[in-house]
Amino acid sequence: MRSGLPGAPQTVAGLDVSYEVGSDRVVAAAVLLDVATARVRESALVVGKVTVPYVPGLLAFREVPFLLAALERLPVSPDVLVCDGYGIAHPRRFGLACHLGVLTGLPAFGVAKTAFTARFDEPERARGAWTPLLDGDETVGRALRTQAGVKPVFVSVGHRVGLAEASDLTIALAPRYRIPEPTRQADLLSRAALRESPPTTG
DNA sequence: GCGACAG
DNA sequence: ATCTTGTCGC
């Protein structure tokens, strides 16, 4: 028992929120996938209205309510949460993935598309190559190459999971694209639902 | 004081 | 986050 994960995770849930232009409408998606195949098994959506503005460093306060609602709609609880954003790689060391992990009690980590306050050296070109994500002299995560020759993603621990394991899962869940399937599918689903969902009522 | 700044 | 078409390449 080196990490907080009881054993090899069988399922993961990818989370993401899509916003509608010129309105407060948002759609949150929670997608359950099998780790072994990286394929979608279940999914849940929630439509809502944002009341909190986006402020760098406070993203969790804006998205967590919707993500929790979407998670509750999944028929089964996932073994791990894959979030679109940061975990510990945050100015206050408590990003979105930390909030969701603590609130749900589930292991969680974040996979962000861009660096925030942290710095990093370019990883080798190979898939799986990584370099430490640094905030001053502190290692807060990893700049991880999920696809050879493609820009790296930024992995950081959120709750009850180690950085090495989070990185391994990210690679395993990103067999073809830069963004791992959990988060990628959640993005696709929430975006599609937003377009198909009537602006008001039914 | 100014710029940068997850999504 | 979102606004946005085609195009080049495997």
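Residue numbers start from 1 in every chain, and the chains themselves are labelled A, B, ... in the order their sequence lines are given, proteins ahead of strands. In what follows, every heavy atom counts, from backbone to side chain, and hydrogens, waters and symmetry copies are set aside.
- Taking the ring axis of A:Tyr54 as reference, the NZ or CZ atom of A:Arg62 does not stay both within 45° of it and closer than 6.0 Å to the ring centre.
- Qualifying side-chain hydrogen bond (donor to acceptor under 3.5 Å, both in side chains) partners for A:Arg127, counting only residues two or more places apart in sequence or in other chains: none.
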Distances under 3.5 Å only, N/O to N/O: pair up the protein atoms with those of nucleotides 4-7 of chain B.
residue: B:dA6; atom: OP2; partner: A:Tyr54; partner atom: OH; Å: 2.9
residue: B:dA6; atom: N7; partner: A:Gly57; partner atom: N; Å: 3.2
residue: B:dA6; atom: N6; partner: A:Gly57; partner atom: O; Å: 3.1
residue: B:dA6; atom: N6; partner: A:Leu59; partner atom: N; Å: 3.2
residue: B:dA6; atom: N6; partner: A:His90; partner atom: NE2; Å: 3.3
residue: B:dA6; atom: N1; partner: A:Leu96; partner atom: N; Å: 3.1
residue: B:dA6; atom: N3; partner: A:Tyr86; partner atom: N; Å: 3.0
residue: B:dG7; atom: OP1; partner: A:Lys113; partner atom: N; Å: 2.8
residue: B:dG7; atom: OP1; partner: A:Lys113; partner atom: NZ; Å: 3.4
residue: B:dG7; atom: OP2; partner: A:Thr114; partner atom: OG1; Å: 3.2

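- Taking the side-chain hydrogen bond (donor to acceptor under 3.5 Å, both in side chains) definition, one finds that A:Ser18 meets it with A:Ser190, sequence neighbours left out.
- Residues A:Val46 and A:Val27 are not in side-chain contact: their nearest non-hydrogen atoms beyond the backbone lie 4.5 Å or more apart.
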Check residues 7-14 of chain A and write down every donor-acceptor pair under 3.5 Å in which the side-chain atom is one partner and the other belongs to a residue at least two apart or another chain.
residue: A:Gln10; atom: NE2; partner: A:Ala8; partner atom: O; Å: 2.7
residue: A:Thr11; atom: OG1; partner: A:Asp79; partner atom: N; Å: 3.3

Checklist line | Intra- and interstrand pairs of DNA chain C - dot-bracket, Watson-Crick/G-U under 3.5 Å, | marks other strand | finding: ..........
Item checked: 5'-to-3' dot-bracket of DNA chain B (Watson-Crick, G-U; under 3.5 angstrom; crossing pairs as [ ]; | other strand) -> .......
Notebook entry, point to check: Taking it one step at a time, do A:Ile179 and A:Asp187 satisfy side chain to side chain contact (heavy atoms under 4.5 Å, CB included)?
Noted result: CA-CA 10 Å; A:Ile179 304 303; A:Asp187 174 70; over 6 Å; no
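- Near-neighbour residues of DNA chain B inside residues 135-148 of chain A, defined by a heavy atom below 4.0 Å, are absent.
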Note to self: Please determine whether ring pair (Phe, Tyr, Trp, His ring centres under 6.0 Å) holds for the pair A:Phe154 and A:Phe116, giving the CA-CA distance in whole Å, both sets of side-chain angles, and the decisive distance to 0.1 Å.
What the structure shows: CA-CA 10 Å; A:Phe154 306 90; A:Phe116 193 173; over 10 Å; no
Output a table of nitrogen or oxygen pairs between the protein and nucleotides 4-6 of chain C separated by less than 3.5 Å.
none

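- Under the 3.5 Å distance criterion, the side-chain polar atoms of A:Ser23 are matched with a main-chain donor or acceptor of A:Arg25.
- Residues A:Phe66 and A:Val31 are members of separate hydrophobic clusters, defined by side-chain heavy-atom contacts under 4.5 angstrom among Ile, Leu, Val, Met, Phe, Trp and Tyr.
- The side chain to side chain contact (heavy atoms under 4.5 Å, CB included) test with A:Leu144 is passed by exactly one of A:Leu133, A:Thr131, A:Val155: A:Val155.
- Aromatic rings from A:Phe61 and A:His99 are positioned such that their centres are separated by under 6.0 Å.
- With respect to the salt-bridge test (charged N to carboxylate O, under 4.0 angstrom), the residues A:Arg93 and A:Glu138 qualify.
- Heavy-atom distances under 4.0 Å link DNA chain B to no residue of residues 181-190 of chain A.
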Note to self: For a salt bridge (Lys or Arg N to Asp or Glu O under 4.0 Å) check, start with the C-alpha distance between A:Glu122 and A:Arg145, then their side-chain angles and the critical distance, and finish with the verdict.
What the structure shows: CA-CA 9 Å; A:Glu122 199 68 17; A:Arg145 194 91 69 186; 3.3 Å; yes
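- Residues satisfying the side-chain hydrogen bond (donor to acceptor under 3.5 Å, both in side chains) criterion with A:Lys151, sequence neighbours excluded, are absent altogether.
- For the pair A:Ala97 and A:Gly110, the tightest heavy-atom approach, listed with the atom from each and the gap, is CB-N, 3.6 Å.
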Collect all protein-nucleotide pairs involving nucleotides 8-10 of chain C in which both atoms are nitrogen or oxygen and the distance is under 3.5 Å.
none

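- For the ring-ring contact (aromatic ring centres under 6.0 Å, His included) test, no residue two or more places apart in sequence or in another chain qualifies with A:His90.
- With A:Thr146 contributing its side chain and A:Arg178 its backbone, the two residues share a donor-acceptor pair below 3.5 Å.
- Ion pair A:Arg39/A:Asp34 not flagged as a salt bridge, since none of the NZ, NE, NH1 or NH2 atoms sits closer than 4.0 Å to an Asp/Glu carboxylate oxygen.
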Check: Going through the checks in order, is the salt bridge (Lys or Arg N to Asp or Glu O under 4.0 Å) test met by A:Arg184 and A:Asp16?
Finding: CA-CA 8 Å; A:Arg184 202 176 82 82; A:Asp16 191 32; over 6 Å; no
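- Scanning all heavy atoms of the two residues, the minimum distance from A:Pro91 to A:Thr117 falls at CG-OG1, 3.5 Å.
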